[in-house]
Undergrad: 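The following block contains the structure, expressed as structure tokens.
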Amino acid sequence: DGCPVGIDIPGFIQLIKEGDFTKSIRHIWQKNSLPAVCGRVCPGFCMMQCNRSELEGPVNVRALERYAGDHGEVKLATPEKRPEKVAVIGAGPAGLSGAYHLARLGYGVTIYEAGSELGGLMRTGIPEYRLPREALDRDIARIIDLGVQTVFNARIDHDGLEDLTHEFDAVLAATG
């Protein structure tokens, strides 16, 4: 119950125990679009509330999620496309997660990023020894593979925002 994202922790751990990393990562992906990232940088609220703490210590859920994120092969099928389009401003964790969940619901999603790379502070604020770029890029690639479009070097000002509201059915501002 301690996971802020709502991951079914016992469920994904059971799938790892059974040796099925693909089903495990698919299980995690129902709620969390960035499992390899979260497996490295999540503060571990679930571990703080783990009832195993009273025995030999909490289950290292973060390490298990990281392992599943690194070893589970997932190619998510995109659902039937809806006619609505959504613009997402910002390609940090909130923007990427929003784009992921919207794409999984069938919306056409375009991310507008002010910089030249996706990831926001995950890329620029977390040292590579803590979050290897390969892990970040792998999680991002899974999101983009859902058909999410990207526009780089697109700083959206007031007028740009107004333009987006005319071009898209909805706009998600996730600017950090």
Side-chain angles (χ1 to χ4, degrees), residues 3-8 12 21-42 65-128 130-176:
C3 178
V5 178
I7 296 171
D8 172 16
F12 97 79
F21 302 109
T22 299
K23 279 188 182 174
S24 179
I25 193 64
R26 201 175 287 278
H27 195 73
I28 292 168
W29 259 53
Q30 295 302 312
K31 299 285 184 173
N32 184 1
S33 60
L34 301 162
V37 171
C38 289
R40 289 172 168 82
V41 300
C42 176
E65 184 175 13
R66 177 178 61 229
Y67 192 85
D70 288 348
H71 295 90
E73 293 297 322
V74 175
K75 177 74 173 165
L76 292 173
T78 55
E80 186 176 320
K81 287 291 183 193
R82 300 171 59 109
E84 300 91 354
K85 300 182 309 178
V86 180
V88 175
I89 304 170
L96 288 167
S97 294
Y100 165 77
H101 288 289
L102 288 163
R104 296 266 329 263
L105 291 171
Y107 292 97
V109 179
T110 302
I111 297 175
Y112 289 83
E113 169 55 37
S116 60
E117 295 182 285
L118 302 176
L121 285 176
M122 293 181 294
R123 186 173 303 281
T124 61
I126 301 174
E128 190 164 354
R130 176 91 165 144
L131 177 58
R133 296 308 174 245
E134 305 82 50
L136 175 60
D137 291 340
R138 189 173 45 252
D139 275 357
I140 291 173
R142 289 179 181 142
I143 295 168
I144 299 304
D145 286 347
L146 292 171
V148 173
Q149 303 297 309
T150 56
V151 178
F152 295 102
N153 302 310
R155 190 166 296 281
I156 305 298
D157 59 12
H158 181 271
D159 293 336
L161 178 59
E162 187 173 338
D163 292 344
L164 290 177
T165 64
H166 296 293
E167 184 179 345
F168 291 88
D169 297 291
V171 177
L172 169 62
T175 56

Undergrad: Residues two or more places apart in sequence or in another chain: which of them pass side-chain hydrogen bond (donor to acceptor under 3.5 Å, both in side chains) with Asp8?
TA: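 Expected list: His27.
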Undergrad: Atom CG of Asp157 and atom CG of Asp163: how far apart are they, to the nearest 0.5 Å?
TA: 8.5 Å
Undergrad: Is any side-chain heavy atom of Ser33 closer than 4.5 Å to one of Leu96?
TA: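 No; the side chains remain at least 4.5 Å from each other.
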Undergrad: Is the backbone N or O of Lys85 less than 3.5 Å from a side-chain atom of Asp169, with the two atoms forming a donor-acceptor pair by type?
TA: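 Checking the backbone N and O of Lys85 against the side chain of Asp169, a donor-acceptor pair under 3.5 Å is found.
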Undergrad: Can you tell if the side chain of Leu136 reaches within under 4.5 Å of the side chain of Leu118, non-hydrogen atoms only?
TA: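 A side-chain contact under 4.5 Å is absent here.
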Undergrad: Can you run down the ring pair (Phe, Tyr, Trp, His ring centres under 6.0 Å) pairs that involve residues 71-108, sequence neighbours left out, and say none if there aren't any?
TA: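 For residues 71-108, and leaving out neighbouring residues, the ring pair (Phe, Tyr, Trp, His ring centres under 6.0 Å) pairs sorted by first residue read Trp29-Tyr100, Tyr67-His71.
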Undergrad: Is the side chain of Glu113 donor-acceptor paired with the backbone N or O of Ala91 at a distance under 3.5 Å, no angle test?
TA: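 Yes: the side chain of Glu113 pairs with the backbone of Ala91.
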Undergrad: What's the separation between atom CZ in Arg142 and atom CG in Asp137, rounded to the nearest 0.5 Å?
TA: 12.0 Å
Undergrad: Of Val151, Ile89, Val148, which meets side-chain contact (heavy atoms from CB on, under 4.5 Å) against Thr110?
TA: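 Looking at Val151, Ile89, Val148, the match for Thr110 under the side-chain contact (heavy atoms from CB on, under 4.5 Å) is Val151.
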Undergrad: For Ala94, does its backbone N or O pair with a side-chain atom of Ser97 as donor and acceptor, under 3.5 Å?
TA: no
Undergrad: If you compare all heavy atoms of Thr150 against all heavy atoms of Ile144, which two are closest, and at what distance to 0.1 Å?
TA: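 So the two residues come closest at CG2-CD1, 3.7 Å.
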Undergrad: Among all residues two or more places apart in sequence or in another chain, which pass the side-chain hydrogen bond (donor to acceptor under 3.5 Å, both in side chains) test with Arg40?
TA: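 Asp70.
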Undergrad: Closest approach of Ile111 and Gly90, non-hydrogen atoms and distance?
TA: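 Smallest heavy-atom distance, with atoms named: CG2-O, 3.8 Å.
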Undergrad: Roughly how far apart are Cys3 SG and Lys31 NZ, rounded to 0.5 Å?
TA: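 Reported value, rounded in 0.5 Å steps: 9.5 Å.
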Undergrad: Determine the minimum heavy-atom distance between Ile28 and Pro35, stating which atoms define it.
TA: CG2-CB, 3.8 Å
Undergrad: Identify the two heavy atoms, one from Ser24 and one from Ala68, that lie closest to each other, and give their separation to 0.1 Å.
TA: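 Closest heavy-atom pair between Ser24 and Ala68: OG-CB, 3.9 Å.
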Undergrad: Tell me if a side-chain donor or acceptor on Arg82 pairs with a main-chain N or O of Glu80 at a distance below 3.5 Å.
TA: no
Undergrad: Starting at CD of Glu128, measure out to CZ of Arg123 and round the result to the nearest 0.5 Å.
TA: 9.5 Å
Undergrad: Can you name the nearest heavy-atom pair linking Ala36 to Asp139, along with the distance?
TA: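 Closest pair (atom of Ala36, atom of Asp139, distance): N-OD2, 2.9 Å.
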Undergrad: About how many Å separate CG of Leu146 and CG of Leu105, when rounded to the nearest 0.5 Å?
TA: 11.0 Å
Undergrad: So, do Leu34 and Met122 sit near enough that their side-chain heavy atoms are less than 4.5 Å apart?
TA: yes
Undergrad: Rounded to the nearest 0.5 Å, how far does CG of Asn32 lie from SG of Cys42?
TA: 8.5 Å
Undergrad: Of the non-hydrogen atoms in Phe168 and Val86, which two are nearest, and what is the gap between them?
TA: CD2-C, 3.5 Å
Undergrad: Heavy-atom distance under 4.5 Å between the side chains of His158 and Ile156, does that happen here?
TA: no
